[in-house]
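Side chains included, hydrogens not; waters and symmetry mates left out as well; all remaining heavy atoms used. All ligand and atom numbering here is 1-based and tracks the order in the structure.
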Amino acid sequence: KKYELEMRFCDEVLKIISSPKHWAANQYFTHPVDPVALNIPTYFQVVKKPMDLHTIRQKLDAAMYERAKDFEDDVRLIFKNCYKFNPEGDYVYQRGQELERLFEQEFSK
Ligand SMILES: Cc1ccc(Nc2c(-c3ccc(O)cc3)nc3c(C)cccn23)cc1
């Protein structure tokens with residue numbers, strides 16, 4: 001019972017932070033970073049564990065998270081990767097901060 005409740009909470013949070021309503025904040029994080037498309041060939045040397053919202057959706061739907069904490073760790077990995085690769089103050093860096101604020105608000109309810 002507790003497991004189902006935790007996963008339902010994660011599903012709700014994921015729906016909110018991934019929604020088109022918050023496109024300005026989530027647009028850079030909805031799908032895996034494509035280093036070829038973005039012309040950032042060093043990306044996979046800098047970011048060892050890529051993560052994105054679509055991959056998290058697939059893992060949640062495949063019951064790959066045992067606890068809400070594991071879901072949280074993957075979401076926070078998106079922010080860590082963003083802050084590691086994008087220059088501080090850069091436009092994408094600031095979108096990451098915006099999405100992190102939204103996540104904190106929803107995940108702490
Ligand atoms: C030369 C350069 C500099 C910065 C970026 N950042 C960036 C990222 C990004 C997202 C998460 C992440 O962990 C790393 C990068 N996604 C984009 C997109 C979709 C369009 C334009 C820039 N984008 C791209 C190219």
Scan side-chain atoms only and decide if Asp74 and Tyr65 contain a donor-acceptor pair under the 3.5 Å cut-off.
yes
Any N/O of Asn39 closer than 3.5 Å to an N/O of ligand 1?
no
Starting from atom 1 (C) of ligand 1, which protein heavy atom do you reach first, and at what distance in Å?
Ile40 CG2, 3.7 Å
At a 4.0 Å threshold, what atoms of ligand 1 neighbour a non-hydrogen atom of Cys82?
13 (O)
Between Phe103 and Phe79, what is the ring plane arrangement, given parallel below 30°, perpendicular above 60°, and tilted in between?
tilted
Among all protein heavy atoms, pick out the one at the shortest distance from atom 4 (C) of ligand 1; state its residue, atom name and that distance to 0.1 Å.
Asn86 OD1, 3.2 Å
Is a side-chain donor or acceptor of Gln94 paired with a backbone partner of Tyr91 at a separation under 3.5 angstrom?
no
Let me see the working for Met7 and Phe71 under side-chain contact (heavy atoms from CB on, under 4.5 Å), right down to the final yes or no.
CA-CA 9 Å; Met7 291 304 116; Phe71 164 84; 5.7 Å; no
At what distance, to the nearest 0.5 angstrom, does SG of Cys82 lie from CZ of Phe29?
4.0 Å
Checking contacts here: is it the side chain or the backbone of Tyr28 that comes within 4.0 Å of ligand 1, counting heavy atoms only? Could be both or neither.
both
Phe44: what forms a ring-ring contact (aromatic ring centres under 6.0 Å, His included) with it, not counting sequence neighbours?
none
Is a side-chain N or O of Ser18 found less than 3.5 angstrom from the main chain of Leu14, in a donor-acceptor match?
yes
A student checking ligand 1 against Val33 at a 4.0 Å heavy-atom cut-off should list atoms 10 (C), 11 (C), 12 (C)
Heavy-atom pairs closer than 4.0 Å: do any link ligand 1 to the side chain of Leu38, the backbone, both, or neither?
both
Check the pair Lys15 / Glu12 against salt bridge (charged side-chain N to carboxylate O under 4.0 Å, His left out), numbers first and verdict last.
CA-CA 5 Å; Lys15 281 189 179 110; Glu12 280 315 306; 3.7 Å; yes
Run the numbers for me: atoms of ligand 1, each under 4.0 Å from some heavy atom of Phe85, listed by number.
4 (C), 14 (C), 15 (C)
Contact between ligand 1 and Tyr43 is defined here as a heavy atom of the residue under 4.0 Å from a ligand atom; is it met?
yes
Output the list of atoms in ligand 1 that are nearer than 4.0 Å to some heavy atom of Asn81, sorted by atom number.
13 (O)
Can you tell me which residue and heavy atom of the protein come closest to atom 7 (C) of ligand 1, and the distance to 0.1 Å?
Val92 CG2, 3.8 Å
